[in-house]
Amino acid sequence: YRGSYQLYPCQSLYPSLDLSFKNNKMMYVYQNKDNYLLPLIILNKLKELGINSTLDYYANEEIISKVKGYVVENGLTKQVNFISEFEMQSAFKQVDFVIYINNKNAIPLFIIEALSQSKIVICNKNEAIDEGTSITIDEKNISSTILELKDLINKSKRLEKYKQNSFNYSFRYSKDMIIAKWLDVLDNEDNLLHKE
């Protein structure tokens, strides 16, 4: 494990189409010191709507000590599993949804890894994702995010389609695609130099 921006070894090197359902299991990797409670709020709101889901939560000890009170107060002890960096690799493979809360990174590797493993991303608006692969978090109106997530969970065909879309969309960031884009950029620059 090499920090909260990627798994090690990098999962996008080994894309995997997995359309199976994992009982609405989610994973959160701590990114943003301001929003570490948000994944637990999402889990709690789903519970209030009668949707059973679980959350693997990775963070440092300081953050875990801050959120444990919320977990106990809201009766989420059976739904939340605090994981270590050594458990992340296997936990990542066993989830339907990955929660990523950070608007500072343009295209985070962690999101690309999630897409390449057919995971549905729940995150802030981000250029690395597309409609039909993710659910955008509206922090000012979390209810709309929850309702969209509930609708997705309750429609298995739509959920499967999102997983397929995630996997397909991840190839935009494959090595071959990136090399092809760079070659195109370099070729265009070469043509511009010849014209001058």
Side-chain angles (χ1 to χ4, degrees), residues 4-7 10-32 34-47 49 51-59 79 88-89 91-174 177-178:
S4 57
Y5 295 94
Q6 70 180 84
L7 293 173
C10 179
Q11 293 301 287
S12 54
L13 296 175
Y14 313 100
S16 173
L17 178 61
D18 180 3
L19 302 180
S20 65
F21 302 120
K22 314 233 177 352
N23 298 318
N24 308 323
K25 193 166 188 175
M26 299 182 280
M27 179 182 197
Y28 169 70
V29 175
Y30 170 67
Q31 295 282 330
N32 190 330
D34 300 323
N35 296 313
Y36 56 84
L37 269 182
L38 194 53
L40 297 167
I41 292 168
I42 291 169
L43 184 70
N44 194 36
K45 296 278 186 197
L46 289 173
K47 180 185 163 194
L49 293 172
I51 295 172
N52 291 324
S53 52
T54 55
L55 174 68
D56 286 337
Y57 192 108
Y58 174 79
Q79 283 98 347
M88 286 189 67
Q89 189 79 28
F92 189 73
K93 294 185 180 300
Q94 300 304 316
V95 299
D96 290 311
F97 303 95
V98 171
I99 301 174
Y100 185 90
I101 304 166
N102 191 341
N103 17 13
K104 294 185 174 112
N105 293 327
I107 304 182
L109 185 53
F110 191 68
I111 287 180
I112 296 168
E113 289 181 288
L115 295 173
S116 75
Q117 300 302 307
S118 318
K119 309 302 178 197
I120 298 165
V121 179
I122 304 169
C123 66
N124 306 94
K125 192 171 176 69
N126 193 289
E127 62 188 88
I129 53 160
D130 192 27
E131 195 175 312
T133 64
S134 63
I135 293 175
T136 303
I137 294 174
D138 182 351
E139 292 183 51
K140 293 178 183 167
N141 183 13
I142 196 68
S143 296
S144 66
T145 302
I146 300 301
L147 290 175
E148 189 180 349
L149 184 54
K150 177 189 174 195
D151 184 63
L152 186 60
I153 287 170
N154 286 331
K155 295 179 179 169
S156 59
K157 287 288 181 198
R158 186 174 174 221
L159 189 63
E160 186 177 296
K161 186 169 176 51
Y162 266 56
K163 288 183 174 221
Q164 179 74 60
N165 290 347
S166 293
F167 180 74
N168 294 343
Y169 196 77
S170 72
F171 286 98
R172 290 176 155 225
Y173 305 103
S174 68
M177 287 291 284
I178 290 168

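All of these numbers come straight from a predicted model, not from anything done at the bench.
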Pick out which of I112, T133, V121 makes a side chain to side chain contact (heavy atoms under 4.5 Å, CB included) with Y169.
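Exactly one pass, corresponding to T133.
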Taking salt bridge (Lys or Arg N to Asp or Glu O under 4.0 Å) as the test, write out the residues that go with D18, two or more places apart.
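With sequence neighbours excluded, D18 shows a salt bridge (Lys or Arg N to Asp or Glu O under 4.0 Å) to K22, given in chain and number order.
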Using side chain to side chain donor-acceptor pair (under 3.5 Å) as the criterion, list what pairs up with [X], not counting sequence neighbours.
X	answer
K155	D151
Y36	none
N124	E139
Q94	none

Just jot down the side-chain contact (heavy atoms from CB on, under 4.5 Å) partners of [X], sequence neighbours excluded, or say none.
X	result
A91	M27, D56, I83
S53	N24, M26, L43, L46
S16	Q117
N141	D138, S143, S144

Side-chain donor or acceptor of [X] paired with backbone N/O of [Y] under 3.5 Å:
X	Y	value
Q11	E113	no
K150	I51	no
N165	G132	yes

When you look at T145 and T136, which way does the side chain to side chain contact (heavy atoms under 4.5 Å, CB included) test go after all the steps?
CA-CA 7 Å; T145 302; T136 303; over 6 Å; no
Would you say that [X] contacts [Y] through its side chain, given a criterion of any heavy-atom pair below 4.5 Å between the two side chains?
X	Y	result
L159	F97	yes
N23	N52	no
L38	Y28	no

So with a 6.0 Å cut-off around CZ of R158, is the heavy-atom count from everything else above 12?
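Yes, CZ of R158 has more than 12 neighbouring heavy atoms, counting only those of other groups under 6.0 Å.
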Could I get the full list of ring pair (Phe, Tyr, Trp, His ring centres under 6.0 Å) partners for F92, not counting sequence neighbours?
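Testing F92 for ring pair (Phe, Tyr, Trp, His ring centres under 6.0 Å), a comparison that skips the adjacent residues, returns F110.
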Give, for atom [atom1] of [X] and atom [atom2] of [Y], the distance between the pair rounded to the nearest 0.5 Å.
X	Y	atom1	atom2	result
K119	I99	NZ	CD1	13.5 Å
N168	S116	CG	OG	12.0 Å
I101	I137	CD1	CD1	4.5 Å
I41	I142	CD1	CD1	7.0 Å

Evaluate side chain to side chain contact (heavy atoms under 4.5 Å, CB included) for Q164 paired with L17, printing each intermediate quantity in order.
CA-CA 7 Å; Q164 179 74 60; L17 178 61; 3.8 Å; yes
Residue pairs, two or more places apart or on separate chains, that pass ring-ring contact (aromatic ring centres under 6.0 Å, His included) and touch residues 145-167
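Output for this query lists F167-F171.
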Work out which heavy atom in C123 is nearest to a heavy atom in I129; give both atom names and the distance.
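Of all heavy-atom pairs spanning C123 and I129, the closest is SG-CD1, 3.5 Å.
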Salt bridge (Lys or Arg N to Asp or Glu O under 4.0 Å): pairs with one or both residues in residues 161-170, sequence neighbours excluded:
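Only D96-K163 qualify under salt bridge (Lys or Arg N to Asp or Glu O under 4.0 Å).
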